[in-house]
2 protein chains.
Amino acid sequence: MSTYTPSGAATRSGFSLDTLRYYERIGLLSGVVRSSSGHRVFTDGDLEWLGVLRCLRDTGMPISDMQRYAELARDGEQTLTERLNLLREHAKAVEEHLALLADQYRHLQAKIGWYEGQLP
Amino acid sequence: MSTYTPSGAATRSGFSLDTLRYYERIGLLSGVVRSSSGHRVFTDGDLEWLGVLRCLRDTGMPISDMQRYAELARDGEQTLTERLNLLREHAKAVEEHLALLADQYRHLQAKIGWYEGQLP
DNA sequence: GCTTGACCTGGAGCGCGCTCCAGGTTGAAT
DNA sequence: ATTCAACCTGGAGCGCGCTCCAGGTCAAGC
């Protein structure tokens with residue numbers, strides 16, 4: 001199990017340093033170890049968790065929901081069902097968003113096709 | 001060719017009244033006719049244009065790009081090629097976004113599957 | 001030993017895309 | 001004639017998700 005510097009964690013997670021600090025402040029990221037000098041030391045476990053956050057963020061979950069999920073995750077096994085429900089609801093929202101996006105993408109392509117038909 | 005009240009246009013376009021006014025202010029929506037009393041009168045043409053804006057907005061185009069597109073559209077036929085380029089670039093961005101979203105959606109489903117495996 | 005760059009904290013600021021408000025006018029229905 | 005909902009304008013305010021800043025500490029390389 002390796003450890004990572006703040007900037008290393010930023011690079012690997014794809015979040016900026018400021019975002020990592022922000023996530024810790026608001027409780028999305030807890031239990032990050034500190035060195036004797038107070039510097040953060042990220043573990044593989046932290047990076048794995050950041051991967052989860054990235055998935056949720058990239059699929060458009062609001063931060064308030066991520067906070068709820070993080071809180072449940074901290075509370076251990078008895079919250080499994082609730083976490084599952086939360087993810088299922090989110091997945092449903094993502095499906096709807098994907099459907100809308102795909103639909104509007106088709107309109108966009110149609111528009112592009114129309115423009116192509118107008119050219120010399 | 002019909003006309004529509006502001007609230008009618010809001011309902012049909014799916015934008016709020018405030019958003020319609022805002023779009024007009026920032027130049028996304030121009031040439032909206034006014035009644036003698038100063039009230040906006042929307043036409044089918046306006047609603048069609050709002051449909052285009054909705055497509056662009058829902059696919060995540062930034063307002064500054066929509067403003068550019070609106071400006072080009074106002075300038076008539078000689079901007080066809082430039083408008084086409086703009087839409088093509090945007091379509092590329094949408095494709096990338098869709099790909100990312102689909103990818104993260106798979107991760108989400110995998111996570112959900114994992115949770116389901118943990119339950120009684 | 002000194003430099004230099006990475007890191008720390010708390011708090012302010014920002015860009016986006018609306019959304020709301022005050023204060024006033026208009027017009028369809030009773 | 002009166003009511004009252006819908007509309008108008010200019011401008012302020014907001015929620016989100018960061019991002020930046022000041023002022024200071026720390027540590028690895030020369």
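Lettering follows sequence order; numbering is per chain, from 1.
- A:Q78 CD: more than 12 foreign heavy atoms inside a 6.0 Å radius.
- Taking the six-membered ring where the residue is Trp, A:W49 and A:Y69 present parallel rings, their angle staying beneath 30° rather than reaching 60°.
- Two residues are said to be in side-chain contact when any heavy atoms from C-beta on lie closer than 4.5 Å; B:Q104 and A:R54 meet this criterion.
- Between B:G60 and B:R21, it is B:G60 whose nearest contact on DNA chain C lies nearer the 5' terminus.
- Salt bridge B:R106/B:D103: present, at least one basic N to carboxylate O contact under 4.0 Å.
- Salt-bridge annotation for A:E24 and A:R34: present, with a side-chain N of the basic residue lying under 4.0 Å from a carboxylate O of the acidic one.
- Between B:L108 and A:L56, the closest side-chain pair of non-hydrogen atoms falls below 4.5 Å.
- Side-chain atoms of A:L29 and A:F42, non-hydrogen and from C-beta on, do get closer than 4.5 Å to each other.
- Of all the residues in residues 23-52 of chain B, B:R25, B:R34, B:G38, B:H39, B:R40 reach under 4.0 Å from DNA chain D with at least one non-hydrogen atom.
- For DNA chain C, the span of nucleotides reached by chain B at under 4.0 Å from its heavy atoms goes, 5' to 3', from C:dG17 to C:dG27.
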Only distances under 3.5 Å count here; give the side-chain donor-acceptor pairs of residues 90-98 of chain A to other protein atoms, sequence neighbours excluded, each with its distance to 0.1 Å.
residue: A:H90; atom: NE2; partner: A:T59; partner atom: OG1; Å: 2.8
residue: A:E95; atom: OE2; partner: B:Y105; partner atom: OH; Å: 2.5

